[in-house]
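Order of appearance sets the numbers: ligands from 1, and atoms from 1 within every ligand. Here the structure is a predicted model, which means the values were calculated and not measured.
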Amino acid sequence: MTLLALDVGNTRLKWALYDAPRVGGRLLAHGAQFLENIEKLAEGDWSGLPAPTRVLGCIVAGDAVKRRVEEQLEQWDVTPQWVVSSAAEAGLSNGYDHPARLGSDRWVAMIGARQRLLQQGPARPCVVVMVGTAVTVEAIDSAGRFLGGIILPGHGIMLRALESGTAGLHVPTGEVRDFPTNTSDALTSGGTFAIAGAVQRMWDNLRSHCGEDPICYMTGGAGWKMAPSMSTPCELVDSLIFDGLLEIAHKRFD
Ligand SMILES: Nc1ncnc2c1ncn2[C@@H]1O[C@H](COP(=O)(O)OP(=O)(O)OP(=O)(O)O)[C@@H](O)[C@H]1O
Ligand SMILES: CC(C)(CO)[C@@H](O)C(=O)NCCC(=O)O
Ligand SMILES: [K+]
């Protein structure tokens, strides 16, 4: 049974084909496409793929994007399932006021994180960081309850907001420095410290709530750029959303 897993983000669609719907399933093919190029998938990257048995995805883009993705899947006789955040799934419970309003990418990444944590050792509190177009930082206690999380602008949005909201801040990308002494470095370091500082704060919140040092996982397209600048120990796991989709697929289909 093959599984095509989809992560339709704010900027890009990422996909991965596995030979079995479980964490550890063999990765047969994978790729990414900017949302404006979705129409090219069926005749491009997906034209050589064997028909998947199941398609499971998470999507944060709107209904129009969802329809465009579903059109590209029509070449196969398979109905995609889209994850909707719920009160509980795959060992995680959801503390959001309205569980279904939690972004499904956040929910799926947390499910991936929880299963990784339990695979690595005894249960512990866990912080989950996603660094993409937007940044999210989630807190999960050692019993697997999502306590809450924060949403902040991604690095790109922060810098564009400064460029458009000020008269003179149009400069090339700089370096992350402890004490920036030029505008480029000041802007790049500012965005980076904003994200790293938010993670540090959530890590502190969770540690005082649980009385134990949390583990921290980071994922998302820009995770590798943030990793060297984190002030809390943070493991970079590029596959967190796909791990979550595999875990959900395992519980639903296997
Ligand atoms: N130096 C940097 N440090 C941190 N983040 C950065 C940096 N430069 C760019 N970024 C962020 O990385 C994002 C690009 O990452 P990418 O598009 O790979 O994310 P993504 O996970 O695919 O996003 P989405 O899932 O929302 O589509 C940009 O939107 C920008 O906010
Ligand atoms: C916060 C983002 C944009 C992160 O991708 C996404 O998860 C989303 O649109 N969420 C819906 C709102 C919420 O999670 O509260
Ligand atoms: K995303």
Item checked: Sub-4.0 Å heavy-atom contact, Met158 with ligand 1 ->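 It does not, in that no heavy atom of Met158 comes within the 4.0 Å cut-off of ligand 1.
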(message) Taking 4.0 Å as the limit for heavy-atom contacts, which would you say applies to Lys14 with ligand 1: side chain only, backbone only, both, or neither?
(response)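 Side chain only.
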Proximity of Lys225 to ligand 1 by residue part, where a heavy atom lies under 4.0 Å: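 Lys225 to ligand 1: side-chain contact only, backbone stays beyond 4.0 Å.
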Between [X] and [Y], is any side-chain donor less than 3.5 angstrom from a side-chain acceptor?
X      : Y      : result
Trp107 : Glu138 : no
Thr133 : Thr11  : yes
Ser142 : Arg124 : no
Arg114 : Tyr217 : no

Based purely on interatomic distance, does [X] place a nitrogen or oxygen under 3.5 Å from a nitrogen or oxygen of ligand 1?
X      : answer
Thr192 : no
Thr188 : no
Met226 : no
Asp7   : no

Do Thr136 and ligand 2 have an N or O pair less than 3.5 Å apart?
->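 For ligand 2, there is no N or O atom that lies under 3.5 Å from one belonging to Thr136.
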Within the 4.0 Å heavy-atom shell around [X], which atoms of ligand 2 are there?
X      : answer
Gly103 : 7 (O), 10 (N), 11 (C), 13 (C), 14 (O)
Tyr96  : 13 (C), 14 (O), 15 (O)
Leu102 : 14 (O)

Q. Do Phe242 and Asp7 have side chains that get closer than 4.5 Å, going by heavy atoms?
A.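 In contact.
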Minimum heavy-atom distance Thr2-Ala51, with the two atoms named:
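That closest heavy-atom pairing would be OG1-O, 3.8 Å.
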Have a look at [options] and point out the one with the heavy atom closest to [atom].
atom                    : options                        : result
atom 28 (C) of ligand 1 : Gly191, Gly132, Gly154, Ala222 : Gly132
atom 5 (O) of ligand 2  : Leu152, Val60, Val135, Asp105  : Asp105
atom 12 (C) of ligand 2 : Glu138, Arg101, Arg106, Met130 : Arg101

Exercise. Counting from 1, what ligand 1 atoms have a heavy atom of Gly156 closer than 4.0 Å?
Worked result: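 Numbered from 1, ligand 1 contributes 30 (C), 31 (O).
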Checklist line | Pairing of Lys251 and Glu247 as salt bridge, 4.0 angstrom limit | finding: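 Salt bridge flag = yes for Glu247 with Lys251.
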request  = Output yes when Arg207 and Glu212 qualify as a salt bridge under the 4.0 Å nitrogen-oxygen rule, no when they do not.
outcome  =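 Looking at Arg207 and Glu212, the cut-off is not met.
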* **Candidate pair Arg252 and Glu89, rule salt bridge (Lys or Arg N to Asp or Glu O under 4.0 Å), full reasoning** => CA-CA 10 Å; Arg252 288 191 190 180; Glu89 178 150 19; 3.2 Å; yes
Side chain, backbone, both or neither: which applies to Asn10 and ligand 2 if a contact is any heavy-atom pair less than 4.0 Å apart?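 For Asn10, only side-chain atoms sit under 4.0 Å from ligand 2.
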query: Is atom CD of Glu36 surrounded by more than 12 heavy atoms (other residues, nucleotides or ligands) closer than 6.0 Å?
result: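 Counting neighbours around CD of Glu36, more than 12 heavy atoms of other residues, nucleotides or ligands fall under 6.0 Å, so yes.
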